[in-house]
Amino acid sequence: MERAALHYLERYASSVDGLRRVLMRRVDKAAREERCDPEEATPWVEEVVARFAASGIVDDRSFAEGKAASLRRRGDSARRIAMKLREKGVDGTLIETALEEQDGEDGEAAEIAAACRFARRRRLGPMRDPQEREERRDRDMAALARAGFSLDIARRVLDLEDADALEEAMRGDGL
């Protein structure tokens with residue numbers, strides 16, 4: 001069980017709960033193949049997870065900080081980041097702390113910059129051909145809303161003039 005956990009952690013960053021789920025899937029698979037008894041193997045999983053958490057090999061705080069930074073650079077909204085971290089089993093206070101640390105003092109500016117990155121990546125609003133911007137505005141607004149951005153931020157990003165203004169807003173110079 002320990003080797004399986006180390007092998008997984010060499011390849012992927014994980015939360016404590018995420019590691020537990022991965023190991024339990026291995027136990028379930030072994031039980032289906034009749035290689036082990038799940039009731040006997042469950043305490044082994046808990047022991048390995050507890051030992052790894054105590055030694056710092058698996059740390060929810062550093063996982064949340066790293067994941068939040070990665071997702072923010074990608075252009076994800078704070079809502080989407082929080083949702084993804086919750087799915088991984090990270091505690092709500094750790095999520096808030098990681099987002100505050102990532103965004104700094106101005107959370108709104110970080111959210112605008114993320115929305116601009118998202119718009120650039122998906123070629124929305126200012127990244128579109130000027131002739132099709134107006135007819136695609138509702139679709140672009142919906143895409144930003146589904147990504148977790150507020151109506152105000154979506155409007156501000158879509159109202160930017162062109163790709164240069166979008167780049168300035170990503171650096172914090174615009175909006």
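The figures that follow rest on heavy atoms only: side chains count, while hydrogens, waters and symmetry mates do not.
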Please round to the nearest 0.5 Å and tell me the distance separating atom CG of L124 and atom CZ of R139.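 That separation rounds to 12.0 Å.
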What is the distance from atom CG of D129 to atom CD of Q131, rounded to the nearest 0.5 Å?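 CD of Q131 is found 4.5 Å from CG of D129.
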Looking only at atom types and distance, does a side-chain atom of [X] sit under 3.5 Å from a main-chain N or O of [Y], one as donor and one as acceptor?
X	Y	result
T42	E39	no
R73	R117	no
E111	A78	yes
R21	K88	yes

Between [X] and [Y], is there a side-chain N and carboxylate O pair less than 4.0 Å apart?
X	Y	answer
R72	D76	no
R156	E108	yes
E101	R61	yes
D140	R133	no
R20	D17	yes

Quick one, [X] and [Y] - any side-chain contact, counting heavy atoms below 4.5 Å?
X	Y	answer
S15	V58	no
F52	L9	yes
S77	I153	no
E167	D162	no
R120	L166	yes

Other residues, nucleotides and ligands only: do more than 12 of their heavy atoms fall within 6.0 Å of CZ on R155?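 Not buried by this count: 12 neighbours or fewer within 6.0 Å.
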Give a yes or no on whether E132 atom CD has more than 12 heavy-atom contacts from other residues, nucleotides or ligands under 6.0 Å away.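 Yes, because the 6.0 Å sphere around CD of E132 holds more than 12 heavy atoms from other groups.
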Going by atom types only, do D91 and T93 share a side-chain donor-acceptor pair under 3.5 Å?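 Note: D91 and T93 side chains meet the donor-acceptor criterion.
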